[in-house]
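Note: hydrogens, waters and symmetry copies are ignored here, and every other heavy atom, side chains too, is used. Predicted model only: the values in this text are computed from it and were never measured.
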Amino acid sequence: ILESMKENQVRSYSTLTKLINPTILNSSGKSGEKLGSYEEIMQNDSVEPTFRDLALILWGYDNLSRSQPSKIATKLSRLNDSSSPWRHSAREIIALTEKRTGNIKKARSIFKGLIDDVTTPNGIRSRASEILSLMKN
């Protein structure tokens, strides 16, 4: 059992390094490589699912202004499930993509849902509230 834990721990540290690397790439002006790093993690079956999902969330936030909104929403759809620990972040990103495409009614609905959901983390709830407030103007 200890050997298994040791192996998992090393693998987890390696994955964490891969998740941190894109931040370093971005600060050094290599934003294109940053997205490639996230995609590499997302597609690597040897990476724990939690880390693959985190990479997908980070990829989604980073692609909000670059990628086709439909591509972002499609990739994030599996995390928009009520059992997903990433559902709130996925919903925030999907709402922002809906807003970007001009589907204001749908974006408002998603933001309202985030505000009303008692399980939504405070940071996401606050952003949803602020964005919804700005959308009314």
Side-chain angles (χ1 to χ4, degrees):
I1 293 175
L2 290 175
E3 286 302 312
S4 169
M5 289 173 63
K6 182 179 175 185
E7 184 177 309
N8 267 345
Q9 189 174 28
V10 169
R11 201 170 59 199
S12 294
Y13 284 130
S14 173
T15 301
L16 285 173
T17 301
K18 288 177 184 174
L19 283 167
I20 293 168
N21 190 41
T23 304
I24 296 166
L25 288 170
N26 191 52
S27 65
S28 64
K30 299 178 180 177
S31 59
E33 291 178 41
K34 175 182 183 179
L35 296 174
S37 292
Y38 289 142
E39 289 177 1
E40 181 183 319
I41 294 166
M42 291 163 28
Q43 297 167 4
N44 187 340
D45 290 337
S46 69
V47 172
E48 295 88 351
T50 301
F51 289 128
R52 287 195 314 256
D53 293 347
L54 174 58
L56 175 54
I57 291 294
L58 295 171
W59 176 90
Y61 279 119
D62 281 348
N63 264 299
L64 279 170
S65 63
R66 294 178 237 226
S67 191
Q68 291 293 336
S70 60
K71 178 181 178 184
I72 295 170
T74 299
K75 280 193 171 213
L76 288 166
S77 64
R78 69 179 180 80
L79 299 181
N80 188 16
D81 180 85
S82 62
S83 65
S84 170
W86 302 105
R87 68 188 175 276
H88 304 103
S89 295
R91 290 173 185 163
E92 178 182 34
I93 296 166
I94 291 168
L96 290 167
T97 62
E98 293 294 344
K99 181 180 177 295
R100 182 175 161 215
T101 62
N103 193 348
I104 302 302
K105 185 176 180 180
K106 178 127 187 206
R108 279 190 180 127
S109 173
I110 296 169
F111 285 130
K112 178 91 170 86
L114 286 168
I115 293 166
D116 294 343
D117 183 348
V118 296
T119 65
T120 300
N122 288 334
I124 294 173
R125 181 181 290 108
S126 294
R127 283 192 303 273
S129 180
E130 289 176 29
I131 293 169
L132 192 59
S133 172
L134 291 172
M135 289 173 68
K136 290 180 182 178
N137 296 333

Considering all heavy atoms, the nearest R100-N63 contact: NH1-O, 4.4 Å
For the student: nearest non-hydrogen atoms of L114 and A128, plus distance: CB-CB, 4.1 Å
L58 side, atom CG; F51 side, atom CZ - distance, nearest 0.5 Å: 11.5 Å
Shortest non-hydrogen separation from S89 to I124 and the atoms involved: OG-CD1, 3.5 Å
Between R125 and D117 (salt bridge meaning N to carboxylate O under 4.0 Å), is one present in this structure? no
For H88 and T119, the nearest pair of non-hydrogen atoms, with its separation, is NE2-OG1, 3.1 Å
Would you say S133's side chain and S129's backbone share a donor-acceptor pair under 3.5 angstrom? no
Rounded to the nearest 0.5 Å, how far apart are CD of E98 and CZ of F111? 10.0 Å
For the atom pair CG (D62) and CD1 (I93), what is the distance rounded to the nearest 0.5 Å? 9.0 Å
At their closest point, which heavy atom of R52 faces which heavy atom of M42, and how far apart are they? CD-O, 3.4 Å
Could you tell me the separation between the CZ atom of R87 and the CD1 atom of I57, rounded to the nearest 0.5 Å? 11.5 Å
Would S46 and N44 satisfy side chain to side chain donor-acceptor pair (under 3.5 Å), going step by step from the backbone distance to the final call? CA-CA 5 Å; S46 69; N44 187 340; 2.6 Å; yes
If you define the side chain from C-beta out and look only at heavy atoms, does anything of R78 sit under 4.5 Å from D53? yes
Under 3.5 Å: donor-acceptor pair, side chain of S109, backbone of K105: no
Please give me the minimum heavy-atom distance between A90 and L76, naming the atom from each residue. CB-O, 4.1 Å
Evaluate the criterion side chain to side chain contact (heavy atoms under 4.5 Å, CB included) for residue pair I41 and W59; output intermediate values, then yes/no. CA-CA 10 Å; I41 294 166; W59 176 90; over 6 Å; no
Over 12 non-hydrogen atoms of neighbours within 6.0 angstrom of NZ in K75: yes
Passing candidate, side-chain contact (heavy atoms from CB on, under 4.5 Å) with I72, options T97, L96, L56, I94: T97
Can you measure from CD1 (I104) to CG (L132) and round to the nearest 0.5 angstrom? 10.5 Å
Distance col, row R108:CZ vs K112:NZ, nearest 0.5 angstrom, shows 12.5 Å
